[in-house]
Amino acid sequence: MTAGNDAVIEARDVSLTFQTADGPVHALKDVNLTINRGDFVSFIGPSGCGKTTLLRSIAALEYPTGGTLTVNGMTPDEARQKRAYGYVFQAAGLYPWRTIAGNIRLPLEIMGYSRAEQKDRVERVLELVELSGFGKKYPWQLSGGMQQRASIARALAFDADILLMDEPFGALDEIVRDRLNEEVLKLWARTEKTIGFVTHSIPEAVYLSTKIVVMSPRPGRITDIIDSPLPKERPLEIRDSRDFIEIAHRVRDGLRAGHGDGV
Amino acid sequence: MRSVLPVLTVIAAILLIWYVAAVGMNAQWARDQAARAGVEIGWSEIAVDAMRQERPVLPAPHQVALEFWRLTWTEEVEGRRGIVQSGSLSNRSLVYHALVTLSATGLGFLIGAGFGILLAIGIVHNRAMDRGVMPWAIASQTIPIVAIAPMIIVVLNSVGVSGVLPKAVIAAYLSFFPVVVGMVKGLRSPDAMQTDLLRTYNAGAMQGLGKLRFPASMPYLFASLKVGVAASLVGTIVAELPLGGAGLGTRLLAGSYYGQTIQIWATLIAAALLAAAMVGAVGMVQRVTLRRMGMAR
């Protein structure tokens, strides 16, 4: 099987086994997946299904013990060294001693951007996540949702084509989550990045994705890959449409099949 | 204002216990004196005498306070050799000796804290140092400082190092340890997510130190600096005991040679005030630093 030129992330029979005191844990087993440029891919499944491990493997924060995984045609480690992706963690993880602007500047300082360039980019991404005017605030002065937006801005500040997000809105309430989901879609449309998005919310996965990867635990594996027929333009009301409900059903079925019984 | 009452209560309790203890401990001398004079004395006379002995076993608080005043304000302002009349600090005043001790303590603290921070950075970044250095650092603190201080002074003197430096080295010897322990903890305080974040930027170890580990360690650093500065003062005073010359340690030794218990206690008060001032100074630097870093709310 040959990948097209558009393939950004390719996994072939990827396995990852953790050695623990209680014996080996198969976090990932025989994972096959192709993510194309511009895709919005959600990884969904119950905890322990390896969705975060898979995302961390793509980011070279974990190393698969079997199979091949390539990012932009390189090993994940090489891609990381080339700063191919921005990563958004479950918690905002802003450094408390830096202002919001200072936090967004962090990757730019490390990557050696000039001061003028840093200033431009900080302003641009703050506007992108609708936090203009909050640059001088410290993280604790912002709400949880605003902090997470700032951490997304931090991941967007440098020129990575790939954005990896690990349950970025998991700790936020549903109203804030809905708004941020809309904003992420807008961001995705404006920046044309390839996005990998881990979630355990079915509506979130269906609403955001062009491709939904359903996973199941013990061993962590992919049970279904759904290409979404939903249009790129997605108002929140789309969640009441027939297509949306059908996909959500299929995701739920996939999750159920992986468990071998009712979820 | 609400905190005044508890503080006053504690001080009153301490003074009360102190006075009672002074009467009890100085009673024997009063009785011996009375016996020699061939008179019987009761507790009321003993209590009065216990407050005004020249060399009591335990001086009463007001005796210590008066002596402290005499050796600071009176000596400097009214004394012939005081700063007002001679233009330089009197070598009999506690102010002079406290400044001598302060300079050695300060220098020793800077050396110790700097050494401690460097050691902690090494321990955090190098596995061999992590395994190899910590046991020695702990061992160094199990040796009684009174035993090793004279040897350090002799060794340093034999290589031509004298003056303030030997004292500072001993002060540093005591003060580096809490800084190492606190800094190692502080440099390791960033959680996995914060270090992973730097990994995704492909940041180097030095960038990780400068941008994450060092700023994150600040609260730990200041906590350990407060312990370190107090330890530094203890080290300096111990070093001054065998050295002679000037300094609070020398005054303590001189007081015990001549049985001047009141002077010893006045010197101890001076040492305590010095320690409090230094810990307070570190606390002020801490407040300013953390506020500038946006970490004080």
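Per chain, numbering begins at 1; letters A, B, ... match sequence-line order.
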Could you grab the distance from atom [atom1] of [X] to atom [atom2] of [Y], nearest 0.5 Å is fine?
| X | Y | atom1 | atom2 | answer |
| --- | --- | --- | --- | --- |
| B/Thr72 | B/Leu94 | OG1 | CG | 6.5 Å |
| B/Ile170 | B/Leu174 | CD1 | CG | 8.5 Å |
| B/Ser232 | B/Met278 | OG | CE | 6.5 Å |

Next on the checklist: Are there residues of residues 182-194 of chain B whose heavy atoms fall under 4.5 Å of chain A's heavy atoms? If so, which?
Outcome noted: B/Met193, B/Gln194
Salt bridge or not for [X] and [Y], using N-O below 4.0 Å?
| X | Y | value |
| --- | --- | --- |
| A/Arg121 | A/Asp159 | yes |
| B/Asp130 | B/Arg127 | no |
| A/Glu183 | A/Arg190 | no |
| A/Arg149 | A/Glu130 | no |
| A/Arg12 | A/Glu10 | yes |

Item to check | Donor-acceptor under 3.5 Å (B/Asn126 side chain, B/Ala128 main chain) | outcome: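 Yes; judged by distance alone, with no hydrogens or angles, the pair exists.
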Item to check | Trace of the side chain to side chain contact (heavy atoms under 4.5 Å, CB included) decision for A/Asp166 with A/Tyr87 | outcome: CA-CA 8 Å; A/Asp166 182 7; A/Tyr87 201 103; 3.9 Å; yes
Checklist entry - Listed by residue number, which members of residues 61-74 of chain A have a heavy atom under 4.5 Å from any heavy atom of chain B? => result A/Leu61, A/Tyr63
Next on the checklist: Contact between A/Phe158 and B/Tyr201 at the side-chain level, heavy atoms closer than 4.5 Å - yes or no?
Outcome noted: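 Side-chain contact under 4.5 Å: yes.
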Next on the checklist: Contact between A/Thr199 and A/Phe169 at the side-chain level, heavy atoms closer than 4.5 Å - yes or no?
Outcome noted: no
Picking from [options], which has the most non-hydrogen pairs under 4.5 angstrom with chain B?
| options | result |
| --- | --- |
| A/Arg154, A/Lys82, A/Met111, A/Arg98 | A/Arg154 |
| A/Gly102, A/Ala91, A/Ala160 | A/Ala91 |
| A/Arg83, A/Gln90, A/Arg56 | A/Arg83 |

Item to check | Contact origin within A/Ala155 toward chain B - heavy atom pairs under 4.5 Å | outcome: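 The answer is neither part of A/Ala155.
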Checklist entry - Relative to chain A, which of B/Gly210, B/Pro215, B/Ala216, B/Ala203 shows the most heavy atom pairs under 4.5 Å? => result B/Pro215
